[in-house]
Each structure stands twice: as structure tokens, then as C-alpha cells.
Colleague: 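Questions regarding the structure given below will be posed in turn.
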Amino acid sequence: MEFNIDNILQAQKRIENYIVKTPLIRAANLDKFLGFEVYLKLENMQKTGSFKYRGAMNKILYLPEEKLKKGVVCASSGNHGKAIAYAAKELGIPAIVVIPDTAPKIKVDNILNLGAEVLQCDPKDRFKIAHEISEEKGMTEIPPFDDYEVMAGQGTAGLEILSCGVDFDYVIVPVSGGGLIGGISTAIKEKNSSVKVIGAEPKNAAAYTVSLKANKISTAKFEKTVADALVSVTPGEKNYKQVVKYVDSFMDVSEEYILKGMKLLLLEGKILSEISSAIGIGGILENKIKIEKNKKVCFVISGGSIALNQLDLLKDLNY
């Protein structure tokens with residue numbers, strides 16, 4: 001299958017009555033710190049608190065009626081599982097979310113409260129168990145990123161960025177497996193090839209930095225990262241193809257600067273996001289790339305899942 005902007009345009013029509021067209025705001029308070037005109041695409045204000053709902057809903061609505069009735073299953077410990085549970089509730093279908101037995105109780109409760117069944121297991125077994133449930137019950141397994149319909153749903157955020165009336169020079173996207181940047185880069189480059197698309201991933205889980213250097217899909221070494229939504233160490237196969245085709249460059253951002261980016265976004269931008277969402281801002285603060293003054297730059301703020309105790313990590317940092 002060839003993936004292109006037509007997939008994303010179809011997804012936009014499919015999910016338009018279910019998703020929130022999230023705000024895109026001018027964040028002028030950040031200009032003096034970053035050195036250019038700053039805009040923020042606020043996917044932390046999407047249903048379920050992250051962009052993941054776009055891809056989850058598009059994949060589920062894409063299913064034929066007989067499969068839809070049997071329900072869906074996924075393996076997740078965070079935003080993907082919550083998005084699947086919410087989408088299933090909206091459509092009145094069964095859902096099972098397989099999550100690690102190490103997951104915080106609040107994450108388990110959030111998914112249970114949406115009506116999904118939760119199965120907890122050893123973290124290394126969650127994808128195997130989700131696949132077994134799919135086989136046994138005839139439920140459709142929904143991957144977190146390596147899937148064309150999921151990627152197309154995430155790409156609808158790119159269409160919204162292009163339709164806001166601003167001629168952007170850069171769009172900077174947080175990256176893990178690659179579903180979000182694969183979709184957004186396809187939407188943007190096939191509409192306006194002059195816009196540069198930049199990925200930002202943790203140095204401690206730099207799947208794309210490692211893979212692009214090797215010129216093939218590779219697995220990066222994983223070290224613990226504060227960017228807990230960006231922990232995939234191997235790119236999705238389908239996502240990687242789009243990234244190679246359309247993404248201009250990547251920033252691998254250190255732990256210190258991921259946190260500095262979040263602190264700047266919170267204290268000067270007045271936006272509370274999850275830590276992972278501020279990674280692009282952190283990369284600019286770390287001078288990973290140089291962007292000229294007066295350029296218009298849109299940062300995708302990908303999610304808002306944060307606990308209050310995580311704010312303690314910011315106390316002793318200067319940005």
C-alpha cells in the first residue's frame with residue numbers, strides 16, 4: 001500500500017465529528033527565549049488529552065461492521081490505551097487494554113472508568129497477550145503507531161496546522177515510534193514542500209537518530225527518560241518510510257533540556273503539558289538546530305498527561 005495525503009484527507013472526513021480541532025496559538029512570550037516567532041499546536045487539549053485519539057478513532061471507524069461489533073484490543077501503558085478505551089465507549093463496542101502490572105493505579109483506573117476491560121501482565125508480555133486475545137476473541141488489535149490508518153489519523157493534525165492561515169517555515173514534532181511525525185510530515189510536505197519538518201526525540205531513546213545514521217531501521221539503546229511518552233527504541237516500519245521521504249532532520253535531546261523546555265513552556269508560555277510534549281522546545285534551547293530570526297515555527301504539543309509530582313523535577317532548572 002502506498003501511503004499519501006489522500007489517506008489523511010479520508011481520515012479527516014471519517015473522524016471530523018468525533019475529534020476536537022485543537023487550538024493553534026501564537027506564543028509571543030516565548031520568542032525572546034527561542035529567537036523566532038513561536039506557535040503552539042495544542043494536542044494536549046484533544047479528547048483523552050493527546051493526539052492519540054485521532055489515530056485510534058480513525059483505525060476503529062475504518063473497520064468493517066462485522067469486525068467493529070467484535071471490539072478492539074491493544075497493548076499500552078498510557079495515552080494509546082486511554083484513546084482506544086474512549087473511542088470504544090463513544091462507539092459502544094467492547095475494548096480490552098493490556099497494560100504492564102507496573103503501571104500506576106491512576107492509569108488503570110482512568111481506562112476502567114471509560115468502560116474498557118483491563119488486563120495487567122509482565123511488561124514484556126503485553127503485546128503477545130494482546131495478539132493472543134485478538135486471535136481468540138476475534139477482536140481487532142490496534143497498534144500504537146505502525147499502521148496506515150493510525151498514522152493517517154495522526155496526520156490530520158498536520159492538515160489543521162496548514163489550514164490555520166500562517167505560512168510556517170518549520171513544524172517541530174515529538175517522536176517515538178513515528179506515527180505522529182509520519183502522518184504530519186506527509187500532510188505538510190504533500191501540501192507545501194517548502195515547510196521544514198523537524199523531529200525531536202530523547203537522546204536516551206533515539207530510535208530515528210540511530211536508524212537514519214545506519215540508513216536502515218535499527219534499535220537504539222534505551223536509558224530511562226523523563227519523556228515517558230517517547231520510549232519506543234525501534235521505528236515503526238510503515239512510519240519509517242514516510243520519515244525518510246519527508247522529514248528534514250532530527251534533534252536528539254538530552255534529559256536536562258527536555259525538562260528545561262517544559263519549564264519554559266509552563267512558566268513563560270503558560271501551557272501545562274506532559275514532559276514529552278516540550279521536547280522540541282528543549283532541542284532549540286540545547287542548540288540542536290539553528291533557526292533564523294523572524295522565522296515562523298510551530299511546535300506540536302502532543303499531550304497533557306502529567307502528575308503533579310513530576311513538576312518537582314523542574315524546580316532547580318534554569319532555562
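The structure displayed is predicted, hence computed values, not measured ones. Computed from heavy atoms alone, side chains included, the values below leave out hydrogens, waters and symmetry copies.
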Colleague: Is the closest side-chain heavy-atom distance between Pro202 and Val253 below 4.5 Å?
Modeller: no
Colleague: Do the side chains of Ile5 and Ile161 join up, straight or via other hydrophobic residues, at under 4.5 Å, putting them in one cluster?
Modeller: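 The answer is no; the residues belong to distinct hydrophobic clusters.
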Colleague: Does Lys263 use its side chain to pair, donor to acceptor, with the backbone of Leu317 at less than 3.5 Å?
Modeller: yes
Colleague: Backbone N or O of Pro174 within a donor-acceptor pair of the Ser302 side chain at under 3.5 Å?
Modeller: no
Colleague: Atom CD of residue position Glu66 - does it have more than 12 heavy atoms of other residues, nucleotides or ligands inside 6.0 Å?
Modeller: yes
Colleague: For atom CG of Asn215, decide whether the heavy atoms of other residues, nucleotides or ligands shown that lie under 6.0 angstrom number more than 12.
Modeller: no
Colleague: We want to know whether Thr140 and Lys70 form a side-chain donor-acceptor pair, criterion being a heavy-atom distance below 3.5 angstrom.
Modeller: no
Colleague: Does a sphere of radius 6.0 Å around NZ in Lys196 hold more than 12 heavy atoms from other residues, nucleotides or ligands, not counting ones at 6.0 Å or beyond?
Modeller: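 Counting neighbours around NZ of Lys196, 12 or fewer heavy atoms of other residues, nucleotides or ligands fall under 6.0 Å, so no.
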Colleague: Have Thr186 and Gln242 got a donor and an acceptor in their side chains that come within less than 3.5 Å?
Modeller: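 Short answer, yes.
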Colleague: Is there a chain of hydrophobic side chains (I, L, V, M, F, W, Y, each step under 4.5 Å between heavy atoms) that links Phe145 to Phe222?
Modeller: no
Colleague: Among Lys191, Lys21, Lys41, whose salt bridge (Lys or Arg N to Asp or Glu O under 4.0 Å) with Glu160 holds?
Modeller: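 When Lys191, Lys21, Lys41 are each tested with Glu160, the salt bridge (Lys or Arg N to Asp or Glu O under 4.0 Å) holds only for Lys41.
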Colleague: Under the salt bridge (Lys or Arg N to Asp or Glu O under 4.0 Å) criterion, do Asp252 and Lys213 qualify, and how do the steps go?
Modeller: CA-CA 12 Å; Asp252 59 334; Lys213 186 175 181 179; over 6 Å; no
Colleague: Answer whether the closest heavy-atom distance between the side chains of Thr225 and Lys203 falls below 4.5 Å.
Modeller: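 No; the side chains remain at least 4.5 Å from each other.
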Colleague: Would a 4.5 Å heavy-atom cut-off, applied to side chains only, mark Met262 and Ile306 as touching?
Modeller: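 Heavy-atom side-chain distance check passes, below 4.5 Å.
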Colleague: Answer with yes or no whether the side chains of Gln10 and Tyr62 bring together a donor and an acceptor at under 3.5 Å.
Modeller: no
Colleague: Ignoring hydrogens and angles, state whether a donor on the side chain of Asn79 or Ser305 is under 3.5 Å from an acceptor on the partner side chain.
Modeller: yes
Colleague: Mind checking whether Tyr39 and Phe299 have ring centres under 6.0 Å apart?
Modeller: no
Colleague: Let's go through Ser50 and Glu43 carefully: what are the C-alpha distance in whole Å and the side-chain angles of both, what is the deciding distance for side chain to side chain donor-acceptor pair (under 3.5 Å) to 0.1 Å, and is it a yes or a no?
Modeller: CA-CA 5 Å; Ser50 88; Glu43 282 297 294; over 6 Å; no
Colleague: Among Ile, Leu, Val, Met, Phe, Trp and Tyr joined by side-chain contacts under 4.5 Å, find the other residues sharing a cluster with Met57 and list them by chain and number.
Modeller: Ile15, Tyr18, Ile19, Tyr53, Ile60, Leu61, Leu63, Leu68, Val72, Ile84, Tyr86, Leu91, Ile93, Leu114, Ile142, Val150
Colleague: Do Lys296 and Phe168 meet the cation-pi criteria used here (NZ or CZ under 6.0 Å from the six-membered ring centre, within 45° of the axis)?
Modeller: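 Judged by the rule (NZ or CZ under 6.0 Å from the ring centre, within 45° of its axis), Lys296 is not positioned above Phe168.
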Colleague: Tell me yes or no: between the side chains of Glu286 and Ser254, is some donor less than 3.5 Å from an acceptor?
Modeller: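 Yes.
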Colleague: Does Lys59 form a salt bridge (Lys or Arg N to Asp or Glu O under 4.0 Å) with Asp147? I'd like the steps, not just the answer.
Modeller: CA-CA 9 Å; Lys59 177 64 175 181; Asp147 180 273; 3.0 Å; yes
Colleague: For Met139, does its backbone N or O pair with a side-chain atom of Ser134 as donor and acceptor, under 3.5 Å?
Modeller: yes
Colleague: Could you tell me whether the side chain of Asp125 and the main chain of Cys121 form a donor-acceptor pair under 3.5 Å?
Modeller: no
Colleague: Can you tell me if Thr156 and Gln12 form a side-chain donor-acceptor pair at under 3.5 Å?
Modeller: no
